[in-house]
Protein chains: 2
Amino acid sequence: MFELSQVRCFVAVAEELHFGRAAARLNMTQPPLSRQIQILERILSVKLLQRGNRLVRLTPAGQSFLTEARLILKLTESAALLARRVAEGKAGSVNIGFTAASSYSYVPELVAACRQQLPDVELILKEMVSGDQLKRLGAGEIDIGLLRPPIPRTGLQFFRVKAERMIAAVPAGHKLAGATTIDLRDLAAEPFITYAPYEARYFHDLLVELFSRAALAPVYVQHLAQIHSILAIVQAGVGVALVPEAAEKLQFRGVALRPLADDQQRAAELYFVWRDDNDNPLLPVIAAIARDLAGA
Amino acid sequence: MFELSQVRCFVAVAEELHFGRAAARLNMTQPPLSRQIQILERILSVKLLQRGNRLVRLTPAGQSFLTEARLILKLTESAALLARRVAEGKAGSVNIGFTAASSYSYVPELVAACRQQLPDVELILKEMVSGDQLKRLGAGEIDIGLLRPPIPRTGLQFFRVKAERMIAAVPAGHKLAGATTIDLRDLAAEPFITYAPYEARYFHDLLVELFSRAALAPVYVQHLAQIHSILAIVQAGVGVALVPEAAEKLQFRGVALRPLADDQQRAAELYFVWRDDNDNPLLPVIAAIARDLAGA
DNA sequence: CTATTTGATCCAAAATTGGTATCGGACCAT
DNA sequence: ATGGTCCGATACCAATTTTGGATCAAATAG
């Protein structure tokens, strides 16, 4: 197969249509240039140039190859440039796992900030529950996880990007919707819709802890994993629920969202997590963006 | 700049993730392979591979470069293949000049036949009058001309692809439209629309000859160059005209086309012309197609 | 702790590359 | 015609680069 140097030789000759001038442009002498072109022609088994004694012309095959050759050279340059940009953390792609709940409030801002500051970076977003994210992080299938505690210490680094309170969700016409805040005790007296203990373990456990600390035992009428499902059920009047603040972003009609009156609750946390041996140059860059966003 | 051999080395290592196996695949030993990769990395000033002592991994930059490298290699192969196909006359492009009149009857068939038999060939069609075609042929700006006589002998080759008679064009409601054929004498008695002596010299001269041989001197009411313009004027009732048979393809409404009764006329000829030193491998192929078409 | 595996390094031999000198054909002016 | 000039091809030589075998160093597995 031919070499890029030969391609460069050919393009020079094809553009100058003169071996001597082309050689000068390539900082070499004419004889080796002639040889390189001959070798290229032999490799392709195609005559690229018609040498008349006073002029050099492109054959049709040469014309076609010239077009392709220019493309190849452009591509090699851009490939080199891209690799360098990736190494500098200015381009490339990152696989990001995120929980369904984080897609309402944190992920959009993060994606927006990245697109603005790193326009050439491709963010590959994959929704999955926290447990799966930890597994995928370990396998190197995602670079970044946006997930809920607990986070094992084994080779992972992380920082908190969000801590949000749970707020009450009641049907719009419900008697509790009248007040600006809702007492946890009042809420617990209603039929209560809560999180599935496995698929949405973090919220499930959070609520269990919340109620048990307040010595309350609400009547659970439904277990669900997704926030929008819960809001839909609330809207239908089946019961009330506690959802993270981010639910406000959903603009769910027919559901009133009210903060709790006596708010001693532990916040629902979201963490930015990555393997400390992940060498993707984008990681520190995106981590910095994520941290800025969390701070603001 | 780097060389394609280095790209091939890198792709092999990136795919095997093992220098020894990659070297075997490349029919070389491991040490020069290691060195080539190092050189490539130094040229790009980017680390492409993460060498752990028991395993080789791609860095993100390497991942990006691998994608591009595969593309580059594909492109080089296809460029070589394409050049070979062009040299064989199976691909490439041809510049073809043609007269406006030929676009009604011969050019469409030729293009259709080429597209079918030479699907990878690009036909670049340029409408121009015969004189311009001869000029462009001389300058090498078109490979093929489809034009009217006379053709100078200087370095050109040609053969006839079409000989068509002139037929009468009269307004649909005209008294002459009733008969299946029209006598030249009757036609000459009407206001006669004919061809511009310069832009459409061939048809102009043809008609001058036709009428003078019949000892007729029609009254010319208009000079025009384009057949469709002439038909439009005929349709408007300004006069009658003689147009090549190909005009029937135009399906011009409001105009009746009738053959001449006493048809001793010299046919209007169209020639396929090329420079005998044109080395485009497609020329003989397309000439053969054109000849077949003319014979049929 | 040893055997094995893996990539890096060293070195001599071989191949490739680039340069100088020269050739051969064609065009040009005299 | 004829000598001069231009241009690409060829021959040959020197320098560099590449190659591959031997070896090394590090790390893992048993």
Side-chain angles (χ1 to χ4, degrees), chain A residues 1-59 61-63 65-66 69 73 140 155 277 279, chain B residues 1-59 61-63 65-66 76 140 154-155 277 279:
Chain A
M1 214 15 122
F2 55 88
E3 288 299 329
L4 285 178
S5 59
Q6 291 157 351
V7 175
R8 278 184 279 271
C9 286
F10 170 69
V11 171
V13 176
E15 285 177 358
E16 299 286 345
L17 290 176
H18 188 291
F19 279 72
R21 279 197 299 277
R25 214 175 82 179
L26 294 164
N27 292 316
M28 65 196 295
T29 52
Q30 170 262 320
L33 176 58
S34 286
R35 255 224 334 249
Q36 288 304 322
I37 300 289
Q38 285 167 14
I39 293 170
L40 179 59
E41 288 181 326
R42 202 139 38 81
I43 291 171
L44 298 175
S45 44
V46 162
K47 194 134 133 241
L48 298 172
L49 296 164
Q50 191 63 260
R51 290 89 152 163
N53 253 18
R54 210 66 174 186
L55 77 165
V56 177
R57 284 184 314 151
L58 282 166
T59 64
Q63 186 59 253
F65 192 72
L66 175 59
L73 294 182
D277 63 348
D279 58 357
Chain B
M1 213 17 122
F2 54 88
E3 289 298 330
L4 284 178
S5 60
Q6 291 158 352
V7 175
R8 278 185 279 272
C9 287
F10 170 69
V11 171
V13 176
E15 284 177 357
E16 299 287 345
L17 290 176
H18 188 293
F19 279 71
R21 279 197 299 277
R25 213 175 80 179
L26 294 165
N27 292 316
M28 64 196 296
T29 52
Q30 170 263 320
L33 176 58
S34 285
R35 238 172 72 86
Q36 289 303 322
I37 300 288
Q38 286 166 15
I39 293 170
L40 179 59
E41 288 181 326
R42 202 140 36 81
I43 291 171
L44 298 175
S45 43
V46 161
K47 192 132 133 244
L48 298 172
L49 297 164
Q50 191 63 261
R51 289 89 153 163
N53 254 16
R54 209 66 175 188
L55 78 165
V56 176
R57 284 184 314 152
L58 282 165
T59 64
Q63 186 60 253
F65 193 72
L66 175 59
T76 59
T154 58
D277 63 349
D279 59 356

Only one of A:F65, A:F2, A:F19 clears ring pair (Phe, Tyr, Trp, His ring centres under 6.0 Å) with A:F10; which?
-> A:F65
OP1, OP2 of D:dG8 versus side-chain N and O of A:H18: anything below 4.0 Å?
-> yes
Can B:R51 and B:E41 be counted as an ion pair, charged N to O under 4.0 angstrom?
-> yes
Side-chain N or O of B:S34 closer than 4.0 Å to phosphate OP1/OP2 of C:dA8 | yes
Expressed in angstrom and rounded to an integer, what is the separation of B:L26 atom CG from D:dG20 atom C1'?
-> 14 Å
So does B:Q38 get a side-chain nitrogen or oxygen closer than 4.0 Å to the phosphate oxygens (OP1/OP2) of C:dG7?
-> no
Whole-Å distance, A:Q30 CD to C:dT17 P, equals 17 Å
B:Q50 atom CD is separated from C:dA8 atom C1', nearest whole Å, by 15 Å
Rounded off to whole Å, could you give me the CG-to-C1' distance for the A:L55 and C:dC27 pair?
-> 12 Å
Whole-Å distance separating the NZ atom of A:K47 from the C1' atom of D:dA9 = 14 Å
5'-most contact on DNA chain D: A:R51 or B:Q36, nearest heavy atom basis?
-> A:R51
Identify which nucleotide among C:dT17, C:dA8, D:dT19 has an atom closest to any side-chain atom of A:I39, counting heavy atoms from C-beta outward.
-> C:dT17
Minimum heavy-atom distance B:R57-A:D279, with the two atoms named | NH2-OD2, 4.1 Å
Using the side chain to side chain contact (heavy atoms under 4.5 Å, CB included) rule, pick out the option among B:I37, B:L40, B:V13 that qualifies with B:L48.
-> B:L40
Atom-to-atom span, CZ of B:F19 to C1' of D:dA26 - whole angstrom | 15 Å
Closest to the side chain of B:P31, out of D:dG20, C:dG7, C:dG19, is D:dG20
Closer than 4.0 Å, any side-chain N/O of A:R35 to the OP1 or OP2 of D:dA9?
-> no
Walk me through it: do B:S34 and B:Q30 pass the test side-chain hydrogen bond (donor to acceptor under 3.5 Å, both in side chains)?
-> CA-CA 6 Å; B:S34 285; B:Q30 170 263 320; 3.0 Å; yes
Can you check the B:M28 CE to C:dA15 P distance for me, whole Å?
-> 15 Å
For B:L33 and C:dT9, give me the distance from atom CG to atom P, rounded to whole Å.
-> 14 Å
